[in-house]
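See structure below.
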Amino acid sequence: MSTPRPVALPLLPTGVPGLDAVLGGGLPALSFNLISGPPGAGKTTLAHQIMFANASPDRPALYFTVMGEPPLKMLRYQQQLAFFDVARVGASIHFIDLSAFVLEQGLSATLDHMLQQVEALHPSIVIVDSFQAITRTATATESGAFDLQNFTQHLALNLTILQATTFLVGDVLSEQLAHNPALSIADGIIALAQSADRSSVVRKLQVIKSRGQAPMPGLHTFRIDQSGLHVYPRATIALGETARARPLTRGTSGVAGLDRLMGGGIPTGDAVLVSGPSGAGKSVLAAQFIAAGRQAGEPGVIAVFEEHPSEYVRRAQSLGIDLEAMERDGLLKIIYIRPLDLSPDEALYAIRSAVQAIGARRVVIDSLSGFELALAPTFRADFRDSLYRLVGALTGIGITVLMTMEIIQSPGNLRFSPYVISFLADNIILLRYVEIAGQIKKRLAVVKMRNSAHSSALRPYEITAQGMVVRAPLAEQRGQGAAAERAGARSAAYPGLTAEETVVLQALIELGETPADLLARRAGMPEGPGLTAALHRLVGLGYAVRLDTGSDLSYRPVAQSLE
């Protein structure tokens with residue numbers, strides 16, 4: 001005997017971005033709902049947005065006002081919002097003021113009048129705003145509790161029979177009204193709140209009750225602007241094993257020397273944390289990571305928190321990375337996330353929307369320090385939890401995430417971040433300064449890679465006109481690299497070559513046979529007399545050979561890498 005399938009609930013769209021996802025797909029049709037919240041929380045705006053999203057000429061909406069002020073005053077403000085269509089008022093949307101009925105004739109006469117209007121118009125949506133005005137009227141009489149329960153039960157029963165989806169709007173969840181009958185009768189309860197922390201105010205929404213649905217648990221951030229409410233569902237990383245499966249591939253970081261240190265590149269779908277002090281080249285590496293994605297057919301998204309996108313693009317352009325062209329070609333989106341009182345879910349929404357728009361496979365968050373400063377104070381205490389959900393939601397669908405983090409470097413202390421967030425990253429790349437012979441030098445190390453072999457060497461690197469270039473390994477540092485160079489500790493790796501000639505040879509060994517222009521970019525030096533002289537010396541000493549191939553001049557290494 002087959003098990004009968006449950007009857008699916010027909011659902012109505014709310015017209016509020018993000019709210020349908022929180023509700024588990026939408027509002028159950030013919031349900032009896034409460035919209036609760038303190039003054040200014042957005043209750044009336046939410047009710048109007050739902051009403052305008054569902055009302056039509058054949059299934060109109062009926063909006064009962066019980067606020068002690070004419071509907072005209074309310075509409076004067078509501079019509080400033082984008083969803084409000086004044087042409088539909090009086091046609092598919094009808095406003096009726098019940099203030100006089102409630103005050104002068106009591107709940108019984110008010111209920112009769114409401115049902116008469118419903119039977120005459122056959123609305124699909126019925127809204128009563130505000131319900132606490134009815135509650136106050138009921139509690140003013142000796143039989144108030146009985147009258148209120150009677151009113152609520154009959155209203156819910158009759159409107160369901162008349163096939164209307166109903167909303168009672170008001171602050172019905174306050175402590176003094178905890179025994180309000182509407183709470184037990186309601187099929188759904190949506191609570192709006194404003195959370196104040198120091199000078200910051202954040203709006204939050206919670207679905208307290210939803211019969212027959214599986215709403216998202218917890219508090220969800222929302223904003224109100226000219227378009228109305230926008231809900232940002234609380235980020236979740238609850239994915240099945242199939243969704244978490246990642247291809248066993250690697251992608252280039254955009255820096256050849258770094259790829260070798262990482263055992264062949266960054267594993268696809270990993271989270272990479274690049275830590276370093278100011279000026280160490282974190283954003284340079286991030287830009288090269290995105291540019292390398294273009295060559296691999298992997299569109300990217302850059303979330304900028306600290307500087308304006310135009311400045312970010314200009315700085316990348318100086319390194320030969322044309323981010324503006326990538327944007328024009330639909331291979332990149334740069335999003336500037338600097339609103340006041342930001343929530344982590346808003347940031348994730350912006351990143352996810354950009355990812356979906358271009359099918360991005362790489363995401364840069366530059367930087368986590370700026371991200372934390374952009375958060376509302378109420379979210380900063382849970383920064384690690386927020387970051388865990390944000391990164392997990394992205395890497396869980398196979399997106400490779402590179403995050404930059406500024407740290408204050410101290411001698412003898414390899415600190416990766418000012419927070420205990422190292423566990424969030426699959427890979428950690430540390431950029432740092434060392435003092436050698438009275439000069440500040442840059443050094444790089446891969447300090448962590450999950451489930452992957454990698455080099456633990458501390459390598460020199462430079463920020464050149466072509467971006468970050470990792471040089472050959474050195475063994476001259478003492479301790480953590482803060483001491484002066486040991487006298488005589490470095491022997492000539494390639495006898496007879498200057499430091500500049502050694503750099504050119506190392507680049508040539510990395511590339512193999514290559515033309516001079518590509519060699520210049522890899523070596524991080526301009527084409528010109530300096531490069532020509534270095535190549536002439538390499539050929540003369542037998543470290544390389546020159547190949548004349550028609551109009552192009554190429555070079556091939558003879559020496560082998562000493563790494």
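Side-chain atoms are counted along with the backbone in the values below, which use heavy atoms only and exclude waters and symmetry mates.
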Could you tell me if the side chain of [Y] sits less than 4.5 Å from the side chain of [X], heavy atoms only?
X    : Y    : value
T464 : Q466 : yes
L285 : L258 : yes
L11  : L23  : no
R546 : L535 : no
Q317 : D322 : yes
L27  : I50  : yes
V255 : Y461 : no
V434 : P460 : no

Next item on the list: Kindly assign one of parallel, tilted or perpendicular to the pair F371 and F305, based on the angle between their ring planes and the thresholds 30° and 60°.
Entry: tilted
Next item on the list: Describe, in one word, how the ring planes of Y349 and Y232 are oriented to each other, choosing from parallel (under 30°), tilted (30 to 60°) and perpendicular (over 60°).
Entry: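 Perpendicular, since the angle between the ring planes exceeds 60°.
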About how many Å separate [atom2] of [Y] and [atom1] of [X], when rounded to the nearest 0.5 Å?
X    : Y    : atom1 : atom2 : result
I429 : T404 : CD1   : OG1   : 11.5 Å
E513 : L547 : CD    : CG    : 4.5 Å
L458 : L261 : CG    : CG    : 10.0 Å
E462 : L444 : CD    : CG    : 12.5 Å
L192 : I224 : CG    : CD1   : 7.5 Å
R328 : L332 : CZ    : CG    : 11.5 Å

Side chain [X], main chain [Y], donor-acceptor under 3.5 Å:
X    : Y    : answer
T221 : K204 : no
D20  : T14  : yes
H220 : R234 : yes
Y433 : A280 : yes
R203 : A41  : yes
T268 : T249 : yes
S318 : R315 : yes
Q288 : M468 : yes
K282 : E406 : no

Checklist line | Derivation of the side-chain contact (heavy atoms from CB on, under 4.5 Å) call for V558 and L538 | finding: CA-CA 9 Å; V558 174; L538 293 180; over 6 Å; no
Could you report the tightest heavy-atom contact between [X] and [Y], atom names first, then the distance?
X    : Y    : result
M403 : V401 : CG-CG1, 3.9 Å
T400 : G269 : OG1-N, 3.0 Å
R361 : G398 : NH2-O, 3.0 Å
L342 : F379 : O-CD1, 3.5 Å
L531 : A520 : CD2-CB, 3.7 Å
S343 : L375 : C-CD2, 3.9 Å

Margin query: Under the salt bridge (charged side-chain N to carboxylate O under 4.0 Å, His left out) definition, can you give me all pairs with a residue in residues 292-303, not counting sequence neighbours?
Written below: R294-D329, E298-R362
Notebook entry, point to check: Passes side-chain contact (heavy atoms from CB on, under 4.5 Å), I290 versus M326? Steps please.
Noted result: CA-CA 10 Å; I290 288 295; M326 290 181 64; 3.8 Å; yes
Check: Run the side-chain contact (heavy atoms from CB on, under 4.5 Å) check on T252 and Q295 step by step: do they pass?
Finding: CA-CA 10 Å; T252 178; Q295 302 301 322; over 6 Å; no
Item checked: For R450, salt bridge (Lys or Arg N to Asp or Glu O under 4.0 Å) partners two or more places apart -> D426
Return yes if a side-chain donor-acceptor contact under 3.5 Å exists between [X] and [Y], otherwise no.
X    : Y    : result
S367 : E306 : yes
S452 : R250 : yes
Q439 : K441 : yes

Count the heavy atoms of every other residue, nucleotide or ligand shown that sit under 6.0 Å from [atom1] of [X], and state whether that count exceeds 12.
X    : atom1 : result
E324 : CD    : no
K448 : NZ    : yes
H308 : NE2   : yes

Next item on the list: Carefully, step by step, assess L273 and L368 under the rule side-chain contact (heavy atoms from CB on, under 4.5 Å).
Entry: CA-CA 10 Å; L273 177 64; L368 295 183; 4.0 Å; yes
Item checked: Cationic N near anionic O, under 4.0 Å, D345 to R389 -> yes
Note to self: Run the ring pair (Phe, Tyr, Trp, His ring centres under 6.0 Å) test against F222 and tell me which residues pass, sequence neighbours left out.
What the structure shows: none
